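First the proteins, then the strands, lettered A, B, ... as listed; each starts at 1. Scope of the values below: all heavy atoms of this structure, side chains included, with no hydrogens, waters or symmetry mates. Computed from a predicted structure; not experimentally measured.
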Number of protein chains: 2
Amino acid sequence: MIKISRMADYGVLILAELAREPEALRTASGLSDTTGLPEPTVAKILKTLTGAGILRSARGVNGGYLLQKTADQIPVAAIITALDGPICLTACADGVEDSCAVRETCSLKGRWNGVNALIKSALEAMTLAELLESGTEKVQKKA
Amino acid sequence: MIKISRMADYGVLILAELAREPEALRTASGLSDTTGLPEPTVAKILKTLTGAGILRSARGVNGGYLLQKTADQIPVAAIITALDGPICLTACADGVEDSCAVRETCSLKGRWNGVNALIKSALEAMTLAELLESGTEKVQKKA
DNA sequence: CTAAATAGAACTTATTTAGTACTATAAAGG
DNA sequence: CCTTTATAGTACTAAATAAGTTCTATTTAG
């Protein structure tokens with residue numbers, strides 16, 4: 001099954017919660033409470049999203065996290081890339097040179113690039129705001 | 001990283017080899033030789049693709065496998081679905097009811113359906129023949 | 001100086017995926 | 001009608017990956 005990791009899934013859930021009050025600083029443990037996800041995992045995801053520039057953090061007492069940009073400026077692709085790594089269906093895609101046992105004899109070198117590009121651009125065109133606000137409609141218009 | 005499994009990747013490679021001589025019966029061990037992939041794995045994939053109606057098989061001496069349809073009638077989606085299961089990015093998508101720990105509190109129920117549909121239709125629109133014959137060009141026209 | 005928070009890395013466990021082995025069934029040919 | 005060569009199907013094992021946890025360091029308000 002082609003799928004994103006649970007981390008990326010949780011990440012979107014956490015960002016959805018943060019987007020409800022874009023101005024408020026929220027702590028890791030608070031977000032764990034409201035989302036129902038395990039606290040250490042939430043903390044880990046928040047750190048990663050901060051490192052990727054999607055969230056801003058404040059340390060110390062009264063610290064916490066908030067969105068760096070508004071939800072309509074955050075592409076879904078950025079969230080997935082931050083938590084899951086690059087979006088590409090196969091190991092032997094553009095630029096990835098490692099770990100293909102049959103590269104020598106493989107007749108498919110580079111053939112997946114087009115498919116990758118297609119999926120990538122679909123995820124780049126969609127923002128967090130669109131994902132949250134009405135689910136299916138907006139997306140299907142683009143298809 | 002969003003990715004298809006190695007099985008689906010190998011599957012395409014094997015189908016590519018079969019597509020070179022669409023009329024010929026090819027054995028599992030022969031295909032293992034020409035592709036360089038381990039024989040038991042090739043055999044497993046061939047069985048699965050036969051069960052999915054993508055290949056036709058003949059048992060007994062002089063048996064083997066061949067394509068059920070021509071390469072331009074086989075959608076890439078069918079290959080991936082056969083070997084990897086349904087194409088959906090998240091557990092809690094259309095129809096899938098199991099295994100989402102936070103379903104109760106989750107604010108995203110069904111929100112991924114549009115993204116799934118988009119990716120699925122991209123993979124359904126592309127055939128094995130297109131994937132093989134020129135890689136990137138045709139696909140990018142569709143994007 | 002203390003308490004409450006994030007930062008970062010290392011480690012362990014769980015889950016998933018890939019690979020292997022074994023048994024059954026079918027067909028061709030002597 | 002028996003042997004050989006092939007697929008069909010299932011169950012098991014091992015390896016790779018992902019998820020989750022823990023620990024230490026750093027920052028800041030009071």
Side-chain angles (χ1 to χ4, degrees), chain A residues 1-11 13-14 18 24-33 35-66 68 80 82-86 90-91 98-102, chain B residues 1-11 13-14 18 24-33 35-66 68 80 82-86 90-91 98-102:
Chain A
M1 169 149 108
I2 294 184
K3 62 167 188 285
I4 59 173
S5 70
R6 227 182 301 180
M7 288 296 163
D9 205 355
Y10 290 176
L13 197 48
I14 292 167
L18 282 164
L25 267 179
R26 310 282 294 273
T27 67
S29 66
L31 287 165
S32 167
D33 289 346
T35 58
L37 302 171
E39 208 241 290
T41 300
V42 171
K44 190 183 194 177
I45 290 169
L46 290 166
K47 289 172 203 171
T48 305
L49 292 174
T50 304
I54 294 170
L55 297 179
R56 215 162 23 145
S57 68
R59 294 171 71 151
V61 179
N62 302 329
Y65 298 89
L66 47 71
Q68 175 94 313
I80 294 176
L83 294 165
D84 263 11
T90 57
D98 59 309
S99 76
C100 179
V102 293
Chain B
M1 166 148 114
I2 294 182
K3 60 166 190 288
I4 59 173
S5 69
R6 226 182 304 180
M7 288 297 165
D9 205 354
Y10 290 176
L13 197 48
I14 292 167
L18 283 165
L25 267 178
R26 310 283 294 273
T27 66
S29 67
L31 287 166
S32 167
D33 289 345
T35 58
L37 301 171
E39 208 241 290
T41 301
V42 171
K44 190 183 194 177
I45 291 169
L46 289 167
K47 287 173 203 170
T48 305
L49 291 174
T50 304
I54 294 169
L55 296 180
R56 214 162 24 144
S57 68
R59 296 170 71 150
V61 177
N62 302 328
Y65 299 90
L66 46 72
Q68 175 96 316
I80 295 177
L83 294 166
D84 263 10
T90 57
D98 59 308
S99 77
C100 179
V102 294

Which heavy atom of [X] sits nearest a heavy atom of [Y], and at what distance?
X	Y	result
A/Gly63	A/Leu25	C-CD1, 4.3 Å
B/Leu18	B/Tyr65	CD2-O, 3.7 Å
A/Asp9	A/Ile4	N-CD1, 4.1 Å
A/Ala24	A/Leu66	O-CB, 3.5 Å
A/Leu49	A/Ala82	CD2-CB, 4.3 Å
A/Leu83	A/Met7	CD1-O, 3.5 Å

Closer than 4.0 Å, any side-chain N/O of [X] to the OP1 or OP2 of [N]?
X	N	answer
B/Tyr65	D/dA8	yes
B/Thr41	C/dG19	yes
B/Ser57	D/dA6	no

In whole Å, I'd like the distance from the [atom1] atom of [X] to the [atom2] atom of [N].
X	N	atom1	atom2	value
A/Leu25	D/dT27	CG	C1'	14 Å
B/Asp9	C/dT17	CG	P	15 Å
A/Ile54	C/dT6	CD1	P	17 Å
A/Asp33	C/dA5	CG	P	11 Å
B/Arg6	D/dA16	CZ	C1'	8 Å
A/Ile45	C/dT6	CD1	C1'	16 Å
A/Leu66	C/dT6	CG	P	11 Å
A/Leu46	D/dG20	CG	C1'	15 Å

Query raised in the report: Counting any heavy atom closer than 4.0 Å, what does A/Ala58 reach on the DNA or RNA strands: base, sugar-phosphate only, or nothing?
Result: sugar-phosphate

Report summary line: Closest to the side chain of A/Pro40, out of C/dA18, D/dT21, C/dA7, is D/dT21

Query raised in the report: Closest to the B/Thr27 side chain: D/dA6, D/dG20, D/dA8?
Result: D/dA6

Report task. Write down the partner of D/dG30 under the Watson-Crick or G-U wobble criteria, each distance required to be under 3.5 Å. Result -> C/dC1

Query raised in the report: What distance do A/Leu55 atom CG and A/Arg26 atom CZ have between them, rounded to the nearest 0.5 Å?
Result: 11.5 Å

Requested in this report: Output the distance between atom CZ (A/Arg6) and atom CD1 (A/Ile45), rounded to the nearest 0.5 Å.
Outcome: 10.5 Å

Query raised in the report: Between A/Ser32 and A/Ala28, is there a donor-acceptor pair closer than 3.5 Å when you use the side chain of the first and the backbone of the second?
Result: no

Can you give me the N/O atom pairs linking the protein to nucleotides 9-15 of chain D at distances under 3.5 Å, or say none if there are none?
from  : atom 1 : to      : atom 2 : distance (Å)
D/dG9 : N7     : B/Lys47 : NZ     : 3.0
D/dG9 : O6     : B/Lys47 : NZ     : 3.1

Query raised in the report: Mind checking whether A/Gln68 and A/Ile54 have side chains closer than 4.5 Å, heavy atoms only?
Result: no

Query raised in the report: For A/Gly63 and A/Lys3, take the nucleotide of DNA chain C holding the closest heavy atom to each; which residue's nucleotide lies nearer the 5' end?
Result: A/Gly63

Query raised in the report: What string of B, S and - do you get for nucleotides 23-30 of chain C 5' to 3' if you count protein non-hydrogen atoms under 4.0 Å?
Result: --BBBS--

Report task. Select from A/Pro38 and B/Ser29 the residue whose nearest nucleotide in DNA chain D is closer to the 5' end of that strand. Result -> B/Ser29

